[in-house]
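Here is the structure we will look at.
The sequence lines fix the lettering, A, B, ..., with proteins before strands; numbering per chain opens at 1. Hydrogens, waters and symmetry mates are skipped; everything else that's a heavy atom, side chains included, is used.
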Amino acid sequence: MSSRTHKATSPRRNRPELKWPARLLAWFETSKREMPWRTEPVPYRVWISEVMLQQTRVETVIPYFERFLARFPDVHALAAAQPQEVLKLWEGLGYYRRARMLHAAAKEIVATNDGKLPREPEALRRLPGFGPYTAAAVASIAYGVAEPVVDGNVLRVGARLFGSDEDITKSATHTALTERLRPALEASGDPGTFNQALMELGSLVCVPREPRCDTCPLRNDCVARREKRTAELPVKAPRKARPHKHIAVGVCWRRGKLLIGRRRDDQMLGGLWEFPGGKIESGESPEQAAVREVAEETALTVEPCGTYAHVEHGYTHFTVTITAIRCRVLKGRTRARSAAELRWIHPSELAEYPFPRANQRIIEAIHKQELHA
DNA sequence: AACGCGGGGAG
DNA sequence: CTCCCAGCGTT
């Protein structure tokens with residue numbers, strides 16, 4: 001057979017003789033992106049990647065995944081780690097509870113299952129941090145178990161492919177799509193690849209705005225495409241407006257050291273370090289607020305002596321302006337009143353502690369200002 | 001079922 | 001700017 005006769009199997013062709021699950025797999029084979037966890041999909045690597053990928057883009061995750069795997073190459077290494085070191089490797093990735101649950105699950109897997117991840121979704125679900133998505137992803141990708149994954153990409157692809165008007169933010173829609181996909185996943189004969197292919201399609205082709213239908217392997221199967229409703233689907237309830245907060249923090253110096261506090265595990269940004277501070281009350285200046293908050297949180301009496309930075313930062317549910325005030329300690333002895341722990345450290349030690357993004361910007365300003373002083 | 005939780009990239 | 005993303009645990 002000459003290669004010239006192989007047109008029928010050309011990757012670019014849409015292959016109408018195949019049903020959509022098979023066509024999806026064929027598209028994925030030629031269009032998938034390279035990812036570090038795809039080269040060797042053993043359970044541990046699949047698990048770490050899937051947790052990092054929760055609400056986080058592939059390009060963002062890749063460098064974190066490489067560093068994490070280099071330091072914790074297997075579940076035993078992770079289980080033996082210090083919580084603060086796990087958080088430090090997670091620094092900047094967000095949703096820090098993921099890191100704590102990952103660590104907790106690793107310890108549990110070592111303690112109860114000899115370091116081996118369970119195969120069945122129901123067993124995986126009992127581990128910390130394993131919800132429907134992660135359990136299905138690990139079971140299907142690492143073990144070939146036929147369980148559909150339904151993430152944001154799949155919800156969007158499914159709504160368009162099946163022409164569904166249901167609000168994709170509703171859990172009932174999520175459940176219905178899972179069951180509607182199950183026969184297609186089984187027909188594909190390759191659950192792990194089917195699941196990854198559907199997500200990859202949502203990420204590369206069936207994107208939220210202006211989907212690239214002309215290159216879609218499912219363009220002739222898609223109800224939204226046929227009815228010219230790709231712009232209307234999926235239906236999604238509008239989200240609430242984000243309030244804005246004004247925060248002042250005190251960067252307190254005493255004998256060449258500065259004061260940082262560790263946030264409690266049950267708080268937002270739990271386990272990460274920060275400079276003491278809080279909301280600026282009406283009528284207060286940032287300096288007054290910083291002095292008051294430092295007193296309330298650390299029992300220290302301080303006086304303001306400059307401003308390091310105004311940092312703007314957006315979280316999912318609110319935005320914030322943080323004013324970082326340079327402070328000199330007048331008197332008092334530190335007592336942690338809201339932080340899990342307070343610590344005096346040299347500026348050179350800041351890099352050893354995990355800080356949230358907004359605080360990292362403050363640290364940059366400190367280094368810049370104190371270096372030039 | 002609704003809500004809170006980070007951060008960054010795309011349009 | 002706004003929207004969205006390989007979700008989970010709590011209430």
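Residues in residues 147-159 of chain A take part in these salt bridge (Lys or Arg N to Asp or Glu O under 4.0 Å) pairs, two or more places apart or across chains: E147(A)-R182(A). Within the structure, every pair that satisfies the side chain to side chain donor-acceptor pair (under 3.5 Å) test and touches residues 128-142 of chain A, not counting sequence neighbours, is listed here: E50(A)-Y133(A), Q54(A)-T134(A), S140(A)-N195(A). Listed by first and then second residue, the side chain to side chain donor-acceptor pair (under 3.5 Å) pairs involving residues 316-331 of chain A are H244(A)-T319(A), H244(A)-T321(A), E303(A)-R328(A), Y308(A)-R326(A), H310(A)-T323(A), E312(A)-T321(A), R326(A)-E370(A) (not counting sequence neighbours). The list of side chain to side chain donor-acceptor pair (under 3.5 Å) pairs with a residue in residues 104-127 of chain A, not counting sequence neighbours, is empty.
Along DNA chain B, the stretch of nucleotides lying under 4.0 Å from any heavy atom of chain A spans, 5' to 3', dA1(B) to dG11(B).
A heavy atom closer than 4.0 Å to some atom of DNA chain B occurs in no member of residues 62-88 of chain A. Contacts between residues 267-274 of chain A and DNA chain C, counted as heavy-atom distances below 4.0 Å, involve no residue at all.
R100(A) places no side-chain N or O within 3.5 Å of a backbone atom of V86(A) that could act as its donor or acceptor partner. No side-chain donor-acceptor contact under 3.5 Å links R67(A) to the backbone of L89(A). A donor-acceptor pair under 3.5 Å links the side-chain atoms of R219(A) to the main chain of C216(A), judged by distance alone.
In this structure, L259(A) shares a hydrophobic cluster with V291(A), V294(A), L300(A), V302(A), V329(A), L342(A), W344(A), the cluster being traced through Ile, Leu, Val, Met, Phe, Trp and Tyr side chains under 4.5 angstrom apart.
With sequence neighbours excluded, the residues that form a side-chain contact (heavy atoms from CB on, under 4.5 Å) with P211(A) are R160(A), C213(A), T230(A). Residues forming a side-chain contact (heavy atoms from CB on, under 4.5 Å) with A351(A) (at least two apart in sequence, or on another chain): none. Applying the side-chain contact (heavy atoms from CB on, under 4.5 Å) rule to R337(A) yields the partners A299(A), R335(A); only residues at least two apart in sequence or on another chain are considered.
Separating the P atom of dT11(C) from that of dG6(B) is a span of 16 Å, rounded to the nearest Å. One C1' atom belongs to dG9(C), the other to dG8(B), and the distance between them is 24 Å to the nearest Å. Taking atom P in both dA6(C) and dG4(B), one finds a spacing of 23 Å when rounded to whole Å.
In this model, a donor atom of one side chain and an acceptor atom of the other lie less than 3.5 Å apart for T169(A) and D167(A).
Heavy-atom distances to DNA chain B give each of K170(A) and E210(A) a nearest nucleotide, and the one nearer the 5′ end belongs to K170(A). For the pair T60(A) and T169(A), nearest-nucleotide mapping onto DNA chain B gives the more 5' position to T169(A).
For an aromatic pair to be called close, the ring centres must be under 6.0 Å apart, and W37(A) with F65(A) satisfies this.
Contact annotation for R263(A): no contact, since no heavy-atom pair falls under 4.0 Å across all strands.
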Original post:
Which parts of nucleotides 2-11 of chain C does protein reach within less than 4.0 Å, heavy atoms only, written one letter per nucleotide 5' to 3' as B for base, S for sugar-phosphate only and - for none?
Top reply: --BBBBBS--

